[in-house]
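Here the structure is a predicted model, which is why all the values come from computation and not from measurement. As a basis for the values below, the full set of heavy atoms in this structure was taken, side chains included, without hydrogen atoms, waters or symmetry mates.
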Amino acid sequence: MLAISPSNAVLIAAISGRSLAAAARRAGLRPLVADLFNDADTLALADRAVKLSGSLATGIDGTQLIESLKALAGADKPLVILGSGFERDPDMIEAISRAFRLAGNSAETVRLVKDPAKLADICAELRIPHPDIRFDRPDDPDQWVLKSAGAAGGSHVQRASTHALDMGRYYQRFVRGTNLSALFLANGETAITLGFSRQWVSPSRSSPYRYGGAVRLRHYRRDNADQIKAWLSALTRRTGLVGLCSADFITHGATQHLIEINPRPGATLDIFDTPEAPLIVEHLRASMGHAVARPSYRGSAAAAIAYTNADIGAFPHIDWPDLTADHQIAGTALKAGDPVCTVFATAGSARAAMKAVKERVDQIAANWRRDFP
């Protein structure tokens, strides 16, 4: 085990810290968690926790962030692991790195890979296929989507034909094909691909590309995988990426377009992390420049988000079944489109795991859909 802190504590900050807290526990670490939800699962996993200010729509409020993290850290001297919520404001990463030891990407690296214009230029320099971007309205908006720089989760992606360009948003040309996500470990010089997953959307009226879930693939074409590995290593050398990251692609046959880089542990951590090969340890090793190990996997795993499709004044009490997490607390008021829980499934193949997790979402959702259309 690496020398994390005298108390083996790690401080996790994210919009939602549950999956990172669970991964830390599997690695034998003590998670201290700061996030927007402090749901029941997170509180059960964390040694200590604090609820940050902010929202899913506006992100994490940085006003009192450092003070909140210092209070949470207490006498411990933990490394800090950042999840989602900081890419849209790298200045917050800079402030955290001045106050704590950061295990992950620097603000400079995040600015390079999450600024749409900079990433487009880097991809052109490295000859990595990447959809065109622009900051003025195209003549053919049906062929473009509108995205927010630094955002995550898919809810920010809109059809360009139905929405106007606002501050902090840009156009990206729509690319037809199948989505693919590559999970990788970077050490600033090279990247080790850990595996591939496919994601799907759970569209709502206001969010046609809202994240629905992901399934870990058992196999992916060797030649395509080798090409992605070479691209990710080139991007790592060019931008200084470190730690556990992911890259999203659109694939069509042998053609692969890089859509974006996520410079931190992301939504697929749940389906790749195992007690036998705890990825938080590898994330810390890679962030500190140590050698890392590539885990092996059997079968497939899937995770999906269950949402509510209507406002709920007081969420009902539910006896949550196994293979669920991120549970809403009874009595909580929810708005239509809010996430209710995460559901998991495993199977021998990706197709079977994906089918099983979607069926489980439908079964569990019956607990809160009975009184709503």
Side-chain angles (χ1 to χ4, degrees), residues 19 84 128-131 145 147 151-157 172 174-185 191-204 207-229 231-232 235 244-274 277 279 294-307 323 325-326 339 342-362:
S19 63
S84 65
I128 300 172
H130 179 67
V145 294
K147 306 177 78 172
S155 293
H156 65 100
V157 183
Q172 186 177 78
F174 178 76
V175 178
R176 298 190 183 279
T178 304
N179 69 73
L180 180 81
S181 182
L183 185 68
F184 65 98
L185 280 164
I192 297 176
T193 306
L194 303 182
F196 296 92
S197 62
R198 292 207 188 279
Q199 301 179 8
W200 62 89
V201 298
S202 177
S204 67
S207 301
Y209 299 101
R210 182 179 65 178
Y211 176 79
V215 61
R216 190 181 74 223
L217 303 182
R218 291 188 62 194
H219 306 288
Y220 186 58
R221 288 178 51 171
R222 179 66 179 271
D223 52 345
N224 287 11
D226 288 345
Q227 179 64 82
I228 287 176
K229 179 181 178 181
W231 286 340
L232 295 179
L235 279 164
L244 196 62
C245 307
S246 62
D248 295 335
F249 295 85
I250 295 293
T251 69
H252 185 75
T255 304
Q256 303 173 109
H257 285 82
L258 175 69
I259 302 301
E260 65 179 313
I261 296 288
N262 301 302
R264 38 82 186 167
T268 60
L269 180 61
D270 281 321
I271 60 174
F272 280 94
D273 192 55
T274 66
L279 292 182
R294 185 183 185 279
S296 59
Y297 300 98
R298 294 182 179 180
S300 182
I305 307 297
Y307 297 93
L323 298 178
D326 302 317
T342 303
V343 181
F344 307 106
T346 58
S349 69
R351 179 175 300 200
M354 183 175 175
K355 180 175 183 292
V357 81
K358 288 185 174 183
E359 289 176 349
R360 285 176 57 79
V361 166
D362 287 340

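In this structure a side-chain-to-backbone donor-acceptor pair under 3.5 Å is present from Tyr297 to Phe272. Between the side chain of Thr268 and the main chain of Ile271, no donor-acceptor pair closer than 3.5 Å is present.
Pairing each heavy atom of Ala247 with each of Ile261, the nearest pair is CB-CD1, 3.6 Å. Shortest non-hydrogen contact noted between Pro203 and Pro208 is CB-O, 3.4 Å. For Asn262 against Glu260, the heavy-atom pair with the smallest separation is OD1-OE1, 3.9 Å. Counting all heavy atoms, side chain and backbone alike, Ser19 lies closest to Leu269 at O-CD2, 3.8 Å. Nearest heavy-atom pair, Ala302 versus Ala353, reported as atom, atom and distance to 0.1 Å: CB-O, 3.7 Å. Pairing each heavy atom of His130 with each of His257, the nearest pair is N-CD2, 4.0 Å.
Using a 4.5 Å cut-off on side-chain heavy atoms (C-beta onward), Ser84 and Arg264 make contact. In this structure, the side chains of Phe184 and Leu235 stay at 4.5 Å or more apart for every pair of heavy atoms. Between Trp231 and Leu258 there is no side-chain heavy-atom pair separated by less than 4.5 Å. Side chains of Tyr307 and Ser202 form a contact here, defined as non-hydrogen atoms less than 4.5 Å apart.
Between Pro265 and the choices Leu244, Leu183, Leu279, Asp273, the side-chain contact (heavy atoms from CB on, under 4.5 Å) rule is met once, by Leu244. With Leu180 as the fixed residue, the side-chain contact (heavy atoms from CB on, under 4.5 Å) test singles out one of Ile259, Asn224, Asp248, Leu217: Leu217.
For residues 209-218, no residue pair satisfies the salt bridge (Lys or Arg N to Asp or Glu O under 4.0 Å) rule, not counting sequence neighbours.
Atom CH2 in Trp200 sits 9.5 Å away from atom CD1 in Ile305 (nearest 0.5 Å). With values rounded to the nearest 0.5 angstrom, Gln227 atom CD is found 11.0 Å from Thr255 atom OG1.
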All N/O donor-acceptor pairs, side-chain side in residues 191-198, below 3.5 Å, sequence neighbours left out:
from   : atom 1 : to     : atom 2 : distance (Å)
Arg198 : NH1    : Asn179 : O      : 2.7

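A salt bridge links Asp226 with Arg222: the closest approach of a Lys/Arg side-chain nitrogen to an acidic carboxylate oxygen falls below 4.0 angstrom.
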